[in-house]
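Note that the structure is a prediction, hence the values are computed from the model and not measured. The figures that follow rest on heavy atoms only: side chains count, while hydrogens, waters and symmetry mates do not. Each chain gets a letter, A, B and so on, in the order its sequence line appears, and its residues count up from 1.
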Number of protein chains: 2
Amino acid sequence: MNVTATIATVDALDPIVATDHHAKLGRKRDFTRDPEILEAALDVLAETGYDGMTIDMVAKRAKAGKATIYRRWPSKAELIIDAVACMRKNNLPAAELPDTGTLRGDLVALIKPHSIEEGDRKFQIMAGVLAMISQAPELAEAANVAIIQPRAHANVLLMQRAIDRGEISADCDIQTLALVTPAMIAHRILILRKPINREFLLSLVDGVLLPAVGLARP
Amino acid sequence: MNVTATIATVDALDPIVATDHHAKLGRKRDFTRDPEILEAALDVLAETGYDGMTIDMVAKRAKAGKATIYRRWPSKAELIIDAVACMRKNNLPAAELPDTGTLRGDLVALIKPHSIEEGDRKFQIMAGVLAMISQAPELAEAANVAIIQPRAHANVLLMQRAIDRGEISADCDIQTLALVTPAMIAHRILILRKPINREFLLSLVDGVLLPAVGLARP
DNA sequence: TATATACGATACGCTGGAGTTCCGGATATC
DNA sequence: GATATCCGGAACTCCAGCGTATCGTATATA
């Protein structure tokens with residue numbers, strides 16, 4: 001493993017991530033390569049896991065030289081931390097949530113083929129990241145913010161709207177309930193190694209979430 | 001990583017785990033060392049994760065020589081697979097479940113300080129194991145059987161009893177609900193990196209499980 | 001066209017850990 | 001007590017992968 005370098009805080013990585021840590025920067029610099037390299041790193045991470053992943057794989061996938069990568073990130077560990085931290089920027093704005101008029105309609109509307117396979121890749125990345133979380137705890141925070149939080153937050157918003165319109169009781173524990181879906185998905189992918197499909201997600205909605213808020217159970 | 005050796009199936013490891021794979025076994029052999037080595041392997045795995053774990057650490061912890069370990073297991077990977085597969089034998093018999101007369105009483109009775117810290121170690125082991133799951137899928141099965149299944153099975157039994165005595169409806173999705181607790185615990189330990197405490201487990205019982213089966217929510 | 005810089009590609013040194021081998025000592029059988 | 005075998009300990013080999021250094025090339029400035 002070897003995580004010796006000082007690791008920047010997650011928030012500090014926000015605006016522009018890769019900075020030439022070798023300091024004496026010349027004049028020009030191809031900033032368009034950064035996202036491509038980070039995306040390649042996430043691909044390799046999702047496919048092979050952290051310890052199976054090598055910098056050469058990332059370089060080859062990004063059609064970049066290994067030196068180019070090390071010119072921007074001081075170590076393999078920081079490259080991955082950066083890559084995970086940057087994922088959250090690709091999340092769709094929370095304003096564009098479905099609004100069907102019923103909680104069940106909203107929750108089911110979240111189940112789209114696109115979001116299923118996208119979510120699958122995200123949790124594969126999560127699996128790769130878990131290996132080094134014990135040595136870089138802030139990576140857990142980054143992964144949580146990038147992968148779990150968006151889903152949980154969407155659930156909170158949908159349930160809060162259901163409360164506001166009087167569809168469900170106001171004393172539901174929506175903070176805990178919002179985590180059920182991500183946690184069950186993570187468990188199914190990481191441990192059970194079963195794929196996520198529409199049937200599974202529907203069983204969560206109709207077998208857990210809706211009953212728990214007092215809907216669809218007489 | 002390097003998982004090249006052929007990996008035995010989980011079930012084949014059941015009765016006596018470590019067999020001298022170097023075949024030509026002499027006459028005597030200290031079989032009492034096997035469990036100690038496996039236990040040491042689990043300890044190191046829980047503390048440092050898979051890639052941080054070295055065979056020397058395991059040998060030192062078990063006060064054994066590295067050669068002794070390699071005399072019994074052909075590789076680091078198989079040692080870990082064996083160690084995880086053997087965990088399930090330490091599970092208490094399912095017959096000794098609490099029986100308080102109510103579902104809530106039974107579920108709360110499962111929350112004991114002992115089972116909390118024991119569970120904590122188990123999920124730390126799970127975290128260490130996740131790193132190599134992608135390369136040894138049967139390890140996922142072993143970990144699932146040893147760590148998740150016992151908890152899920154206990155929940156199924158308690159809920160089935162509640163159905164039988166007419167406390168809750170028979171059309172509850174108890175198979176899915178039984179997985180909520182282990183999944184949420186795994187998520188909290190592996191990703192959130194927060195400790196498990198009584199308050200958290202109570203919020204699962206009172207905020208998710210009981211409402212979902214139609215109890216304690218008017 | 002001349003200069004400067006970053007790029008991709010490649011070769012290299014170095015390190016840590018897997019797995020092997022060897023040895024002295026302990027233990028049990030006869 | 002002699003023999004045989006396993007044990008703990010340690011030194012050893014081997015290799016994959018990190019990180020560095022070098023080189024030819026592409027591109028942009030002047």
Can you pull out every salt bridge (charged side-chain N to carboxylate O under 4.0 Å, His left out) where at least one residue sits in residues 39-49 of chain B? Sequence neighbours excluded, please.
B/Glu39-B/Arg121, B/Asp43-B/Arg61, B/Asp43-B/Arg121, B/Glu47-B/Arg61

To the nearest Å, how far apart are A/Asp56 CG and C/dC12 P?
15 Å

Consider the side chain of B/Ala67, meaning its heavy atoms from C-beta on, and name the nucleotide among C/dC22, C/dA9, C/dG19 that approaches it most closely.
C/dC22

What is the distance, to the nearest angstrom, from the NZ atom on A/Lys76 to the P atom on D/dG17?
8 Å

Can you tell me how far CZ of B/Arg104 sits from CG of B/Leu202, rounded to the nearest 0.5 angstrom?
6.5 Å

Expressed as a whole number of angstroms, how long is the span from A/Glu36:CD to C/dA6:P?
18 Å

Figure out the CD1/C1' separation between B/Ile37 and D/dG9, and round it to whole Å.
14 Å

Per nearest nucleotide of DNA chain D, the residue lying toward the 5' end, A/Thr54 or B/Ala64, is B/Ala64

B/Ile69 has an atom CD1; how far is it from atom P of C/dT21, in whole Å?
17 Å

With heavy-atom distances below 4.5 Å as the criterion, would you say the side chains of A/Phe200 and A/Ile185 are in contact?
yes

May I ask you to evaluate whether B/Thr68 reaches the phosphate of D/dC7, defined as a side-chain N or O under 4.0 Å from OP1 or OP2?
no

Ranking D/dC7, D/dC18, D/dG9 by distance to the side chain of B/Arg72, first place goes to D/dC7

Taking only side-chain nitrogens and oxygens of A/Arg33, does any of them come within less than 4.0 Å of OP1 or OP2 of C/dG8?
yes

Could you state the atom-to-atom distance from NZ of B/Lys60 to C1' of C/dA18 in whole Å?
16 Å

Is it the case that C/dG19 (base atoms only) and B/Lys66 (side chain only) share a donor and an acceptor within less than 3.5 Å, ignoring hydrogens and angles?
yes

Is the shortest heavy-atom distance from the side chain of A/Met126 to the side chain of A/Ile189 under 4.5 Å?
no

Rounded to the nearest 0.5 Å, the CZ atom of A/Arg161 sits from the CG atom of A/Asp106 at a distance of 5.0 Å

In whole Å, what is the span from the OH atom of A/Tyr70 to the C1' atom of C/dC7?
18 Å

Could you tell me how far apart B/Lys63 (NZ) and D/dG8 (C1') are, to the nearest whole angstrom?
12 Å

Tell me whether the side-chain N/O atoms of A/Arg71 come closer than 4.0 Å to OP1 or OP2 in C/dA6.
no

Would you indicate what A/Met57 reaches in the nucleic acid, counting non-hydrogen atoms under 4.0 angstrom: base, sugar-phosphate, or nothing?
nothing

